[in-house]
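Reminder, nothing fancy here: chain letters follow the sequence lines and each chain counts from 1. Note that this is a predicted model, so its numbers are computed, not measured.
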2 protein chains.
Amino acid sequence: MTENDPRPTLEEVAALAGTSRATASRVVNQSPKVSPSARAAVERAINELGYAPNRAARSLVTRRSDSIGLVVAESEERIFGEPFFASLVRGVSDALAGTDMQLVLLLNRSDQERSRVQRFLSTHVDGVLLVSAHAEEPLLHQLADGPIPAILAGRPLRPTSLPYVDVDNVSGAYQAVRHLVDGGRQRIATIAGPQDMAVGVDRLAGYRTAVDEAATSDEDLVVVGDFSTGSGERGAQELLERHPDIDAIFAASDLMAVGALQALERAGRKVPADVAVVGFDDSVVATTTRPQLTSVHQPISDMGRQMILRLREALEGPTLVPSATVLPTNLVRRGSS
Amino acid sequence: MTENDPRPTLEEVAALAGTSRATASRVVNQSPKVSPSARAAVERAINELGYAPNRAARSLVTRRSDSIGLVVAESEERIFGEPFFASLVRGVSDALAGTDMQLVLLLNRSDQERSRVQRFLSTHVDGVLLVSAHAEEPLLHQLADGPIPAILAGRPLRPTSLPYVDVDNVSGAYQAVRHLVDGGRQRIATIAGPQDMAVGVDRLAGYRTAVDEAATSDEDLVVVGDFSTGSGERGAQELLERHPDIDAIFAASDLMAVGALQALERAGRKVPADVAVVGFDDSVVATTTRPQLTSVHQPISDMGRQMILRLREALEGPTLVPSATVLPTNLVRRGSS
DNA sequence: GGAAGGCCTGAGAGCGCTCCCACAGCTGGT
DNA sequence: ACCAGCTGTGGGAGCGCTCTCAGGCCTTCC
């Protein structure tokens with residue numbers, strides 16, 4: 001029985017099954033209060049007609065949209081750069097499969113639209129995943145005060161009431177530096193990320209902890225970049241000028257590590273013989289340099305997956321949602337250290 | 001007047017404006033048949049109450065969802081790799097700003113869900129952007145036969161009735177090889193992409209055209225890879241064994257070019273002195289190798305933008321939608337050639 | 001001055017669904 | 001045998017919106 005009929009309605013299903021619309025609805029919504037026979041009849045009718053519920057009609061009465069918004073508040077290069085965005089989306093999507101929720105993407109719109117976002121969101125999505133690198137994103141505060149649940153990608157620089165999921169940047173940086181220490185490095189410098197992002201702060205904190213612990217040097221071998229290749233190159237150059245005797249550089253991003261590699265080569269330093277280099281992100285570029293880059297791997301897809309899990313907890317139950325979920329990072333050893 | 005009232009309805013707007021719900025609706029929907037005074041009153045009321053239409057209610061009656069689906073049928077590495085996915089999404093999102101359409105993301109779900117996709121799509125989205133690398137994607141045929149408009153990202157290997165937007169792979173490859181010819185290269189080999197993807201076929205075609213035109217050699221200096229670094233490395237190695245005298249390699253992806261660089265180095269060939277290398281994609285890795293990679297730039301964001309434009313044409317009007325929209329590519333010269 | 005036509009408006013139906021409520025048919029306790 | 005209680009069912013209202021239709025008012029033309 002192929003049906004030409006576009007979009008059968010619950011009413012038709014009920015008619016075919018010989019029940020009322022209400023009972024058919026109960027079957028669709030997995031209500032336990034349906035007799036086995038009625039359930040079977042309705043299920044048969046659903047299959048025969050190829051019925052799928054009309055989402056709009058359902059939303060109208062339930063006041064839920066069964067969709068969640070992935071909001072990217074800024075078009076930061078770091079966010080769209082590999083592997084972040086694609087990996088995150090993949091993880092989110094994985095976790096959403098099996099659910100009948102859909103993912104609505106909202107990239108940084110113009111500021112005037114931004115002001116309407118709060119209302120927009122509350123109309124169209126049941127929950128929000130917010131990706132925003134910088135501290136003073138107004139949307140963040142709107143969401144914190146608003147009625148719809150939201151989960152942040154990454155620790156916000158200032159504490160908020162919103163739960164976040166993050167990778168363990170502190171531990172990753174710590175592992176990287178420990179690895180350098182274990183390799184006998186004495187003067188370990190870092191090219192840190194921007195200090196107005198938690199990810200920059202955390203990676204620097206991990207570096208500091210490991211360096212202090214090793215007590216190899218008491219100077220401050222820190223320079224700050226912006227995660228880009230260019231800033232890494234300039235940073236490494238500056239480090240070499242100020243402290244010609246450094247024998248290792250921990251860069252807070254792979255791109256900055258690549259820049260450092262370039263600066264070191266120009267300065268005639270051999271990697272890893274003279275100076276060891278470790279990056280962070282474990283991105284594609286880590287395998288395309290020579291030597292290949294030792295780097296800290298971060299499970300971004302899992303971060304996406306966890307964000308959905310947390311959001312569903314917030315959506316469904318009275319369960320307390322953890323205010324922070326931190327996923328482990330691990331060092332991937334390659335030729336540069 | 002801050003309103004605590006969550007979600008004012010059209011009825012309330014109308015009441016405040018002193019009109020009927022119908023007139024308020026006309027104002028919201030920009031109907032011309034409203035008197036200036038009524039329009040002004042309703043607009044005032046809308047602002048005062050912070051009214052935003054309930055999408056579900058609207059969808060229910062208009063039978064449109066005002067959202068379009070971005071369907072990624074396979075989790076090909078190439079698609080999620082930088083810069084493709086993020087750039088495409090950014091372009092799509094740009095083109096959607098200003099519209100009140102929303103973007104719904106649908107990644108490759110399980111096969112069993114796949115079978116329901118057609119129905120799912122017709123329920124929930126007004127149009128589809130389909131990203132699918134391989135030829136025999138069943139969804140492609142479903143969409144071609146189905147009622148909802150769809151636009152493909154990239155030329156399908158076999159012609160379909162669906163319009164597509166693509167970057168000019170043929171021309172890009174042609175330019176790359178012409179550049180090598182102009183640089184005096186005599187024996188130009190290529191590491192082609194998979195021949196079951198149009199992108200692989202087209203880039204090889206561009207190579208062949210340029211090589212034939214230059215008539216520098218009549219041998220077939222072609223080896224096939226899968227766009228990955230590893231396959232590029234193996235491919236270059238094979239080329240060097242079979243044709244030790246090659247003086248240039250055009251790789252159909254940057255990652256394969258990176259692999260080629262590695263193979264060439266191992267073989268003791270200098271780049272670009274002994275062998276010139278050109279890649280394709282102009283991705284981040286092109287700037288992280290040494291020497292940096294000459295590569296063909298492809299406007300992926302614009303592709304996303306154009307896809308939306310085509311889709312809206314298909315959605316809105318009786319306008320004929322071009323069956324193909326091809327965007328120019330251009331060569332970015334760097335150190336490797 | 002009256003009919004014809006224009007413009008704007010409001011009443012009302014209904015999109016497909018969920019959920020409240022009433023009630024039919026059983027069981028089981030007294 | 002009677003009432004309580006429980007389970008499963010259907011009727012019906014109504015979510016917020018759009019759109020058709022009828023009609024009121026005002027202009028315009030004969």
Please determine if a side-chain N or O atom of [X] lies less than 4.0 Å away from the OP1 or OP2 oxygen of [N].
| X | N | value |
| --- | --- | --- |
| Thr23(A) | dG10(D) | yes |
| Ser35(B) | dT9(C) | yes |
| Ser25(B) | dT18(D) | yes |
| Thr9(B) | dC15(D) | no |

Distance-only donor-acceptor check, side chains Ser59(A) and Arg64(A), under 3.5 Å: no

Applying a 4.0 Å non-hydrogen cut-off, can you work out what [X] is touching in the nucleic acid: base, sugar-phosphate, or nothing?
| X | value |
| --- | --- |
| Ser59(A) | nothing |
| Ala56(A) | nothing |
| Arg63(B) | sugar-phosphate |
| Val34(B) | sugar-phosphate |

Close side-chain approach of Leu143(A) and Leu130(A), heavy atoms under 4.5 Å: yes

Round to a whole Å and report the spacing from [atom1] of [X] to [atom2] of [N].
| X | N | atom1 | atom2 | value |
| --- | --- | --- | --- | --- |
| Arg39(A) | dG8(D) | CZ | C1' | 11 Å |
| Arg55(A) | dT18(C) | CZ | P | 12 Å |
| Lys33(A) | dG10(D) | NZ | P | 15 Å |
| Arg21(A) | dC20(C) | CZ | P | 15 Å |
| Arg7(B) | dG16(D) | CZ | P | 8 Å |
| Asp66(B) | dC15(C) | CG | C1' | 15 Å |
| Glu11(B) | dC15(D) | CD | C1' | 12 Å |
| Gln30(B) | dC8(C) | CD | C1' | 18 Å |

Considering only [options], which nucleotide approaches the side chain of [X] most closely?
| X | options | result |
| --- | --- | --- |
| Ala22(B) | dA11(C), dC17(D), dT9(D) | dA11(C) |
| Leu60(A) | dA11(C), dG16(C), dT18(C) | dG16(C) |
| Asn29(B) | dT9(C), dG16(C), dT18(D) | dT18(D) |
| Asn54(A) | dT9(D), dG16(C), dC17(D) | dG16(C) |
| Arg26(B) | dT18(C), dT18(D), dG10(C) | dG10(C) |
| Val61(B) | dT18(D), dG16(C), dG10(D) | dT18(D) |

Atom pair CG (Leu311(B)) and CD (Glu316(B)), whose distance is rounded to the nearest 0.5 Å: 9.5 Å

Donor-acceptor contact present, side-chain [X] to main-chain [Y], <3.5 Å:
| X | Y | result |
| --- | --- | --- |
| Ser25(A) | Arg21(A) | no |
| Arg39(A) | Ala24(A) | no |
| Asp166(A) | Val326(A) | no |

